[in-house]
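One structure is given below, encoded as structure tokens.
Fair warning: this is a prediction, and the values are worked out from it, not measured in the lab. Just the heavy atoms: all of them, side chains too, but no hydrogens, waters or symmetry mates, feed the values below. Note on naming: letters A, B, ... go to the chains in the order of the sequence lines (proteins, then strands), and numbering restarts at 1 for each one.
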Amino acid sequence: MKAAWILAKSRWRERPGTLLLLSLAMAMSAAVPFGTDRAVRREVVQLRQQTQSIPLVAGSSDAGQTDLVLSALDYDPRNIPPTRWALVEAARQDAPEGVLPMHLGHRTSGLTLVGTESEVASTLGLTLTSGRWCVRPGEVVAGADTPTDAFSVGQVVDSEAPKKFALQAPPTQKLLVVGRCASTGSPADQVVWTNLTTAWVLDGLFHAHLNEDVKQSTEQRQVLSPNTPLARRLYEQDTSTLHAHTLESDLPIHLLRIVPKDQRSLTLVRSNLRHAHGATTAVPEFVADELAESFAARAKLIQLAVLIPGIGVSLLALLVIGLDWQRRRSEHAGLRRLGASQSMLVGSFALELLGTVLVGLMLLASMAFLLSLFAAQWVM
Amino acid sequence: MSSEPVILLQDVVVHRGTFCLKIPNLQINSGERVGIVAPSGQGKSTLLLLLAGLIAPSQGLVQVHGVSPSCQPAAWRARNIAWMGSDLELPTDLRVQEQVALAAYLMNQAAPSSDEVESTLQKLGIGGFAHRTMSSLSTGQQQRVALARMLLHPAPLRLADEPTASMDEGWASACTNLLLSRPEDLTVCFASHDPTLIDQADRVITPEGSVR
């Protein structure tokens with residue numbers, strides 16, 4: 001046994017490359033399917049849980065159903081063109097329990113800034129741990145997972161325009177943190193909420209001028225009084241000319257999260273938005289099923305893409321072992337002449353393989369763990 | 001010397017391919033140092049393989065320590081015969097220390113101590129090489145490692161096939177002394193072309209067993 005052990009040990013010690021190559025091939029072949037399957041299962045479960053809280057979403061006629069649903073889930077606008085305020089009013093005509101407009105085009109300190117209304121609290125079940133909800137333009141409420149050093153109540157943060165360096169981009173705006181939310185365990189914890197009218201400001205439609213050339217309010221135009229404490233705080237240099245240039249109906253909205261009263265209400269709202277307003281609507285629960293299938297298909301592709309190199313590496317490792325076989329045979333013949341039994345030689349080979357399997361298992365465990373972390377990104 | 005011969009061969013015929021070796025009678029007693037001398041291809045290695053039980057005779061009687069060696073299990077060979085082949089055939093991944101202790105491991109005995117190993121290696125001019133792998137040594141050095149392994153093997157019969165073939169004259173002489181050194185009950189049988197080694201044998205025979 002001891003002879004078998006020192007022989008096996010000498011192989012691992014002197015030929016770690018072969019050992020590692022074999023182990024890696026083994027681990028890859030096993031860990032990738034395992035890791036991706038695990039990640040897909042986890043993502044699908046999470047997706048279904050999240051979609052249960054969103055009965056219906058609606059958006060521009062040019063938006064895809066999947067993009068609408070995923071944008072509603074993770075607050076990333078993806079490929080959905082903005083729609084108009086009229087769609088919100090149309091949805092509210094059928095009197096559902098809640099219609100939550102969302103503008104998703106801006107960021108602040110690297111976080112998504114979601115422009116919406118105070119109805120967000122009841123529709124998404126958000127509660128405050130400190131401060132209050134934003135009620136005026138320029139105010140924001142931070143999600144539970146946002147950094148407290150940058151988003152504590154009373155701090156002023158800068159908005160980041162979507163096209164920061166474009167010549168016609170709106171200027172950076174100051175935003176005042178007025179509250180922080182309690183944790184919900186959803187992506188809502190990682191965003192910053194603001195009053196929808198601020199999205200208007202951020203798009204440069206409602207902003208301050210540095211001169212006295214102030215236009216008056218008209219029926220189609222709102223003007224925010226420059227003498228409010230908020231305006232003075234945000235725009236210390238010149239607070240005299242804060243005014244609007246656009247209609248409320250032009251407020252940019254990316255999507256609507258709608259909570260109908262019942263199934264009949266859902267059908268009614270959906271039908272109205274689709275036929276009367278040409279909007280795209282989607283029931284996230286159904287889309288989640290389609291996405292689950294799509295994730296599984298992508299996972300299969302990834303598995304195939306990794307398995308082929310995995311098999312290649314395995315063949316390479318086998319070739320290395322095959323080329324080594326002649327030397328091994330000669331050594332075994334020498335050992336038999338010294339008195340080594342066949343069982344001892346088989347034992348040393350088995351121990352060598354056992355070591356490879358053990359290293360492979362360790363690699364497999366760590367790779368499966370890492371893959372389950374990253375595979376979700378690949379399959380989404 | 002004991003009266004019972006360590007090696008006894010009678011009317012032995014060995015076929016290896018087209019080669020045929022006939023040994024009418026050969027007897028080697030305990031404590032004898034016997035050299036086997038012949039031109040290449042005349043059966044020196046075949047005779048040693050036969051004595052080690054690594055090949056079986058086609059006919060005739062072969063006895064080593066009173067038994068037929070080719071019918072014995074590997075463990076018997078490990079206990080009774082210290083073998084050094086002409087092809088070293090050593091596992092190249094083993095370190096020198098592991099290599100010389102291998103025989104003890106195969107016999108399920110305690111390995112020689114580091115001091116014993118180092119002392120033997122010193123005598124063979126490879127002191128300080130204990131932790132080097134075989135593949136890092138020259139052929140001559142590898143042969144001395146194989147000799148060290150044989151010297152540390154406590155078996156009562158040493159069989160060596162051209163043990164000094166790759167050594168220079170100085171080391172061949174030193175290794176000869178170590179290989180043939182007493183204790184009295186140790187029997188050594190070697191095949192060689194090296195006159196230094198052959199000169200120190202008690203008896204020199206041909207592969208057929210006749211005295212030269």
Just to verify, what does B/Ser68 make a side chain to side chain contact (heavy atoms under 4.5 Å, CB included) with, not counting sequence neighbours?
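Once residues adjacent in sequence are excluded, the partners of B/Ser68 under the side chain to side chain contact (heavy atoms under 4.5 Å, CB included) criterion are B/Ser70, B/Cys71.
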
Tell me, please, whether B/Trp171 has B/Arg144 positioned over its six-membered ring: NZ or CZ under 6.0 Å from the ring centre and within 45 degrees of its axis?
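Yes, B/Arg144 and B/Trp171 form such a contact.
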
List the atom pairs, with distances to 0.1 Å, where a side-chain N or O of residues 125-138 of chain B and a protein N or O form a donor-acceptor pair under 3.5 Å, not counting sequence neighbours.
unit_1, atom_1, unit_2, atom_2, d
B/Arg132, NE, B/Ser136, OG, 3.4
B/Arg132, NH2, B/Ser136, O, 2.9
B/Thr133, OG1, B/Ser135, OG, 3.4
B/Ser136, OG, B/Thr133, O, 2.7
B/Ser138, OG, B/Gln141, N, 3.2
B/Ser138, OG, B/Gln141, OE1, 3.3

With respect to chain A, which residue among B/Leu54, B/Ile81, B/Leu159 yields the maximal number of heavy-atom pairs within a distance under 4.5 Å?
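The candidate making the most pairs under 4.5 Å is B/Leu54.
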
Please rank B/Arg95, B/Glu98, B/Met150, B/Arg77 by heavy-atom pairs under 4.5 Å with chain A and give me the top one.
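That would be B/Arg95.
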
So which part of B/Leu94 gets closer than 4.5 Å to some heavy atom of chain A, the side chain, the backbone, both or neither?
both

B/Gln200 and its side chain to side chain donor-acceptor pair (under 3.5 Å) partner, picked from B/Asn177, B/Thr176, B/Asp194
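Filter result, single survivor: B/Asn177.
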
For chain B, find which of A/Ser341, A/Ala340, A/Ser343 contributes the most heavy-atom pairs closer than 4.5 angstrom.
A/Ala340

